[in-house]
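To start, the structure under review is shown below, and the notes come after it.
Every chain is numbered from 1, with letters handed out A, B, ... down the list of sequences.
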Amino acid sequence: MGALNLAEWQKLPVSLTELCINTTLRCGQSFRWRKNDAGVWSMALHNRILCLHQDLEHLYYKSLKLEMLPAPPNSIPPSIAPGRNANDSELIQHYFNLTPNLTELYQEWSAADANFAKKAPKFTGVRILRQDAWEALVGFICSSNNNIARIGQMVHKLCINYGPLLGHFEGEPYHDFPEPEALSHDGVEAKLRALGFGYRAKYIHRTACMVAAKPEGWLDSLRNPEAPVIGVKPSSGGEWSAEGREGYRSAHEQLLELQGVGPKVADCVCLMGLGWGEAVPVDTHVWQIAQRDYKFGKGKHSSLTKQTYDAIGAKFRSLWGKEAGWAHSVLFTADLRAFSERLVAKVEKKEEDIVVKMEGDVEVEESVVKVEKVLEKCIKRERDEEESKVLEVEEKVVRKTKRKRKT
DNA sequence: AAACTACCTCGACA
DNA sequence: ATGTCGAGGTAGT
């Protein structure tokens with residue numbers, strides 16, 4: 001751990017069950033956050049470089065003083081009302097969507113759904129961010145047929161090549177996310193292809209052209225009025241129904257007109273960029289969850305057609321209610337490969353103990369390595385199965401360890 | 001409507 | 001060492 005002088009930071013009292021940035025910032029909602037060895041998260045956001053750190057009781061934050069040139073490069077900070085400059089505290093409350101009581105919501109979802117109650121306890125503090133809608137749109141266009149690591153690389157390349165430079169932190173340049181106009185010029189598609197975007201290059205360029213051609217503020221006009229940009233008073237989001245509110249359905253429909261935007265991407269933008277909590281993006285993970293835990297995958301809904309897609313969303317909305325997309329995100333996170341180690345955390349602890357005890361014994365170290373490989377396979381094979389089965393695997397692996405140690 | 005197929009790239013795995 | 005596979009889908013038949 002590096003020397004973190006947290007006394008210099010601002011802080012907000014937040015429990016890990018209300019917000020866990022370590023999970024929330026890695027679960028594939030946002031693709032731009034970086035974490036250093038000292039446990040500091042950082043990202044360029046709204047004309048500043050924001051740094052975060054979290055412990056058991058507080059979320060610490062500070063934004064870097066930028067030795068910036070007179071004119072801010074990007075005169076239109078996204079998600080903030082024109083002419084208004086949010087302070088760090090406002091920005092964090094807004095970005096992390098801190099108003100809803102997540103602990104209470106988890107309780108409600110658990111009471112309504114035994115499967116949620118079973119899966120959620122190891123994945124508390126997963127909160128839906130309020131990201132800039134345009135950034136979310138482009139990020140999720142990149143997500144098609146892709147993995148989270150590469151999406152992050154692609155978004156990073158977009159910022160480096162087209163986004164305004166805000167400053168440096170720990171020797172690294174920090175760029176804001178590029179505006180639609182910056183991605184709408186001729187030659188962008190070719191360059192993005194050269195940068196490794198593949199077929200998504202065309203989608204990004206064409207969508208940027210379409211959005212740039214719309215009236216200023218068009219994307220934010222699709223927001224849930226209950227979750228407006230900073231500086232605008234919230235108003236009613238409309239009447240609730242299992243199909244979703246009218247405003248949500250309208251936003252979804254309009255997003256579908258953009259290139260590279262299908263139902264899943266549109267729902268991601270609705271949920272994470274436009275504040276519509278009932279949006280339920282159904283991707284391959286969620287489709288698998290729906291089949292495994294919610295009886296989809298048979299008869300009428302044997303494949304993921306548009307009709308099945310809508311039925312899954314309606315099912316989850318009727319089960320979890322107005323913030324169904326939030327609950328869905330918890331289960332999605334629980335299924336992510338990147339978090340599968342959490343299901344066997346105890347084993348890893350034991351491994352560490354063994355290594356420490358037997359330090360200096362070459363033979364044993366080798367056997368430990370072998371066991372780790374076995375563990376990996378177990379994790380991969382078992383990650384979709386019940387926790388009880390994972391526990392069985394734990395015991396087997398531990399016994400194997402002991403045997404190998406003796407030989 | 002539903003079912004197929006092509007689509008870029010990259011790291012993991014055999 | 002080289003081939004195959006699949007990753008948070010979408011657009012076009």
Side-chain angles (χ1 to χ4, degrees), chain A residues 23-32 123 126 128-129 131 135-158 188-207 210 252-253 255-273 279-292 296-313 316 325-326 328-340 372-374 376-381 383-384:
Chain A
T23 310
T24 301
L25 299 182
R26 288 194 304 142
C27 70
Q29 285 191 61
S30 60
F31 304 104
R32 229 145 47 83
F123 298 90
V126 177
I128 295 294
L129 303 170
Q131 301 180 74
E135 176 174 348
L137 173 57
V138 176
F140 286 107
I141 286 175
C142 292
S143 76
S144 80
N145 226 328
N146 209 347
N147 57 65
I148 293 179
R150 184 155 81 113
I151 300 165
Q153 290 173 23
M154 289 164 75
V155 169
H156 186 63
K157 284 177 184 172
L158 279 178
V188 167
E189 179 185 342
K191 183 166 175 182
L192 292 181
R193 275 192 175 268
L195 287 169
F197 281 66
Y199 60 84
R200 301 166 198 84
K202 180 158 66 176
Y203 296 161
I204 292 168
H205 179 244
R206 292 185 60 175
T207 288
M210 292 170 83
H252 192 268
E253 188 183 333
L255 289 169
L256 286 181
E257 291 170 14
L258 302 170
Q259 278 296 305
V261 179
K264 187 269 178 181
V265 170
D267 271 324
C268 286
V269 177
C270 284
L271 177 63
M272 301 163 201
V280 178
V282 180
D283 51 41
T284 53
H285 285 264
V286 176
W287 171 229
Q288 283 171 31
I289 292 168
Q291 294 176 83
R292 190 189 60 203
F296 282 88
K298 292 166 189 167
K300 195 174 167 62
H301 298 304
S302 59
S303 67
L304 186 49
T305 61
K306 176 62 179 152
Q307 195 186 137
T308 302
Y309 185 103
D310 292 338
I312 293 173
F316 286 161
W326 290 51
H328 132 285
S329 196
V330 175
L331 295 190
F332 170 82
T333 302
D335 246 45
L336 264 189
R337 177 86 194 275
F339 294 104
S340 60
E372 278 171 358
K373 281 184 181 168
V374 173
E376 265 304 305
K377 290 188 177 175
C378 289
I379 291 170
K380 200 200 292 180
R381 200 167 51 241
R383 72 187 184 89
D384 288 334

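- When the shell of 6.0 Å around NZ of Lys157(A) is examined, it contains more than 12 heavy atoms from other residues, nucleotides or ligands.
- Residue Val286(A) is out of contact with every strand shown, counting any heavy-atom pair closer than 4.0 Å.
- Between the OG atom in Ser329(A) and the CG atom in Leu336(A) there is a gap of 9.0 Å [rounded to 0.5 Å].
- At the heavy-atom level, Ile289(A) lies nowhere under 4.0 Å from the strands shown.
- Straight-line distance from the CZ atom of Arg337(A) to the P atom of dG11(B): 16 Å, rounded to whole Å.
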Quick one: the dot-bracket string of DNA chain C, using Watson-Crick and G-U wobble pairs with both distances under 3.5 Å, [ ] for crossing pairs and | for bases paired to another strand. .||||||.|||||
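- Under 4.0 angstrom from either OP1 or OP2 of dA2(B) there lies at least one side-chain N or O belonging to Gln307(A).
- For the P atoms, the distance from dC5(C) to dT5(B) is 15 Å, rounded to whole Å.
- Using a 4.5 Å heavy-atom threshold, the side chains of Lys202(A) and Arg206(A) count as touching.
- If you look at Phe31(A) and Phe140(A), their ring centroids are closer than 6.0 Å.
- In this structure, the CZ atom of Phe197(A) is 14 Å from the C1' atom of dC10(B), given to the nearest Å.
- Scanning both residues, Met154(A) and Phe197(A), for their nearest heavy atoms gives O-CZ, 3.2 Å.
- Listed for the Arg200(A) side chain is a donor-acceptor partner under 3.5 Å among the backbone atoms of Ser144(A).
- The gap from the C1' atom of dC7(B) to that of dG6(C) amounts to 14 Å, rounded to the nearest Å.
- In this structure, of dA3(B), dA2(B), dC8(B), it is dC8(B) that holds the atom nearest to the side chain of Arg150(A).
- Atom pair Ile204(A):CD1 and dT9(B):P shows a separation of 13 Å (rounding to whole Å applied).
- With a heavy-atom cut-off of 4.0 Å to chain A, the contacted part of DNA chain C has its first and last nucleotide at dA7(C) to dA11(C).
- Separation of the P atoms belonging to dT4(C) and dA6(B) is 16 Å when rounded to the nearest angstrom.
- When the side-chain nitrogen and oxygen atoms of Thr305(A) are compared with OP1 and OP2 of dA3(B), none of them lie within a distance under 4.0 Å.
- Atom CD in Gln259(A) sits about 16 Å away from atom P in dC7(B), given to the nearest Å.
- Residue-level contact check: Ile151(A) touches neither bases nor backbone, having no heavy atom under 4.0 Å from any strand.
- Residue Cys142(A) is out of contact with every strand shown, counting any heavy-atom pair closer than 4.0 Å.
- Of the inter-residue distances, the one linking Leu137(A) atom CG with Met272(A) atom CE reads 13.0 Å to the nearest 0.5 angstrom.
- Note: CZ (Arg200(A)) to C1' (dC10(B)) measures 10 Å, nearest angstrom.
- Across the P atoms, dC10(B) and dA11(C) are found 23 Å apart, a figure rounded to whole Å.
- Going from atom CH2 of Trp326(A) over to atom CG of Leu331(A) covers 15.0 Å, rounded to the nearest 0.5 Å.
- One atom, CG of Asp310(A), and another, P of dA1(B), lie 11 Å apart when rounded to the nearest Å.
- Ranked by how close their nearest DNA chain C nucleotide is to the 5' end, Asp283(A) and Val261(A) are led by Asp283(A).
- The CG atom of Leu195(A) lies 11.5 Å from the CD atom of Gln153(A); values are rounded to the nearest 0.5 Å.
- Aromatic ring pairs are classed by plane angle as parallel below 30°, tilted from 30° to 60° and perpendicular above 60°; the pair His285(A) and Phe332(A) is perpendicular.
- In this entry the distance linking OH of Tyr203(A) with P of dT9(B) reads 14 Å, nearest Å.
- Taking atom NE2 of His205(A) as the reference point, atom P of dC8(B) lies 16 Å away to the nearest angstrom.
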